[in-house]
2 protein chains.
Amino acid sequence: MTALPAREPLTRSTEDYLKAIYRLSSGGAPVSTNDIAGLLGLAPASVSGMIKRLSEQGLLEHMPYRGVSLTPDGRRVALRMLRRHRLIEAYLVAFLGHTWDTVHDEAERLEHAVSDDLVERMAHALGNPRVDPHGDPIPAPDGTIAEFIHVPLAEIAAGESVTIGRVDARDDGRLRYLAQHGLVPGARIAVVDREPFGGPLTLDVAGQRKIVGPELAALILCERGGG
Amino acid sequence: MTALPAREPLTRSTEDYLKAIYRLSSGGAPVSTNDIAGLLGLAPASVSGMIKRLSEQGLLEHMPYRGVSLTPDGRRVALRMLRRHRLIEAYLVAFLGHTWDTVHDEAERLEHAVSDDLVERMAHALGNPRVDPHGDPIPAPDGTIAEFIHVPLAEIAAGESVTIGRVDARDDGRLRYLAQHGLVPGARIAVVDREPFGGPLTLDVAGQRKIVGPELAALILCERGGG
DNA sequence: CTAGAGATTTAGGATACACTAAATTTCAGA
DNA sequence: TCTGAAATTTAGTGTATCCTAAATCTCTAG
Ligand SMILES: [Mn+2]
Ligand SMILES: [Mn+2]
Ligand SMILES: [Mn+2]
Ligand SMILES: [Mn+2]
């Protein structure tokens, strides 16, 4: 299997650092100390210290003053945490009445406490979903993760119809607003009209007219294709 | 309400200490450092150190060299953890296919990570149960806890019929064995015969004859009454 | 009434992880 | 090429929690 070599159990901090670094690695470039500190809400000096420890554990590659990247082991941990986080979110929404704007904080803590066994039981109860409530792909147990090709709603031309695939908002307020207006993953929407120069879009969402500004339109990621 | 005064969030260690001390307090007498160390698997010196900190936080009353007892605040924390622990056990058994011999470790970690909101959602999904899968009473949100009067099976006379109320086994092996033989909370059983001087008991469990030694018979706690 | 044995606390040390303040390095722009 | 702002690391602290070894206290058995 892809089992990690026997090592000390990772701490909550360690797991959150690796998850953050994974997220910041999307571009492929090394991740900066400052960006990690920003995402985790820590002082840059604290991040430098942790980077040293994680490198010694073989979870990160560190080029001093240049940035870090995940080793295969580090990446494995990050994807495992992502699987946990997203499955927990999906489970809480499906079975315990949470909504997509409230699940994140709960999952952020539970992801460190659940056993592999419990995660897989939740996955099974959910029917092994491929995405979480925000449309983010759920890594497979072996660390495989799907790459969806999404286009921001902001770039869709008037007249086009699309399906919402993912919503990139992080805060409760925006998430609640979007849900209220039916702008959730899976929704079919049509761009009826759009004003130029960053102006608002007029949408057809389930037969209703909705106006959406450019800020939100950048966060709503769509799948082209289908009519 | 019974809200605690605003204080730092408690750590996992703190919560586990208070829960352990609550359990050891059943007799009413002060709890010894050694007993706490034994239950938590720590060196007695470590417990002395933690006792000092918890006393300073107003969670324990410490009489040096004599033992500790919970303050009202400490007791409140302990009961809150017990509610969490037992509801989590009940939830995992009811909805995620766990069995009563596997839930303890999972609950021991999750109890520190769930929010009050999630705990109450689980309670609601379960129909606000009064006991956990082992028959242990679940404290109410306000800290009330039912006191059941149970008699060890070892003390039931031949010819009597009883209902199992609680099973005091802690280890997987015994729990699995008991479940296999139908000796779980709620089961109606009759003591058909018993050998003297700590000899085995012959039981009728759902029409089947079962022989149980004195060790297990001491752990099976029964409700008298009914016939 | 007193010597231990046993329980408990204290002393000293380690690890993990956070912080602030002070170096140090990088790199863009003059 | 040089310089200074920004980024990063290092130095020095502090808290929480654990450990082992050494004191200290308690209480029972003789
Ligand atoms: Mn987390
Ligand atoms: Mn999500
Ligand atoms: Mn616990
Ligand atoms: Mn239990």
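Proteins get letters first, then strands, A, B, ... in listed order; numbering begins at 1 in each.
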Check your understanding: Quick one: is C:dT8 close enough that its OP1 or OP2 comes under 4.0 Å of any side-chain N or O from B:His62?
Key -> no
Exercise for review: Please report, rounded to the nearest Å, how far the P atom of C:dC19 is from the CG atom of A:Leu40.
Suggested key: 10 Å
Point to revise | A:Val212 vs A:Leu183, side chain to side chain contact (heavy atoms under 4.5 Å, CB included): CA-CA, chis, key distance, verdict | key: CA-CA 10 Å; A:Val212 170; A:Leu183 296 167; 4.0 Å; yes
Check your understanding: So which one's nearest nucleotide on DNA chain C is more toward 5', B:Gly49 or A:Gln57?
Key -> B:Gly49
**Study point:** SB check A:Asp105 A:Arg109 (cutoff 4.0 Å)
**Key:** no
Review point. Considering only side-chain heavy atoms of A:Ser46, which listed nucleotide, C:dT25, C:dA18, C:dT8, is closest?
Key: C:dA18
**Study point:** Side-chain (B:Ser55) to main-chain (B:Ile51) donor-acceptor, under 3.5 angstrom
**Key:** yes
Check your understanding: If only side-chain N and O atoms of B:Asn34 are considered, is one of them under 4.0 Å from the OP1 or OP2 phosphate oxygen of C:dT8?
Key -> yes
Review point. When rounded to the nearest 0.5 angstrom, what distance separates CD in B:Glu89 from CG in B:Asp132?
Key: 5.0 Å
Review point. Among residues 11-23 of chain A, which residues get a heavy atom nearer than 4.0 Å to DNA chain D?
Key: none
Practice item. Can you tell me the distance, in whole Å, between the CG atom of B:Leu42 and the C1' atom of C:dT9? Key: 16 Å
Practice item. May I ask you to decide if the ring planes of A:His134 and A:Trp100 are parallel, tilted or perpendicular, using 30° and 60° as cut-offs? Key: parallel
Exercise for review: Mind listing the closest non-hydrogen atom pair of A:Ile145 and A:Pro139 along with its distance?
Suggested key: CD1-CG, 3.8 Å
Practice item. Please check if any side-chain donor atom of B:Asp142 sits under 3.5 Å from a side-chain acceptor atom of B:Thr144, or the reverse. Key: yes
Review point. Counting any heavy atom closer than 4.0 Å, what does A:Arg53 reach on the DNA or RNA strands: base, sugar-phosphate only, or nothing?
Key: base
Point to revise | Boundaries of the chain A footprint along DNA chain D (any atom under 4.0 Å from a heavy atom) | key: D:dA7 to D:dT10
Review point. Salt bridge check: are B:Glu106 and A:Arg121 linked by an N-O gap of less than 4.0 Å?
Key: no
Exercise for review: Could you state the atom-to-atom distance from CE of A:Met63 to P of C:dC27 in whole Å?
Suggested key: 11 Å
Point to revise | Closest non-hydrogen atom pair between B:Val184 and B:Ala179, with its separation | key: CG1-CA, 3.9 Å
Check your understanding: For DNA chain C, whose closest nucleotide is more 5', that of B:Gly67 or that of A:Pro44?
Key -> B:Gly67
Review point. To the nearest angstrom, how far is B:Tyr65 atom OH from C:dT8 atom C1'?
Key: 6 Å
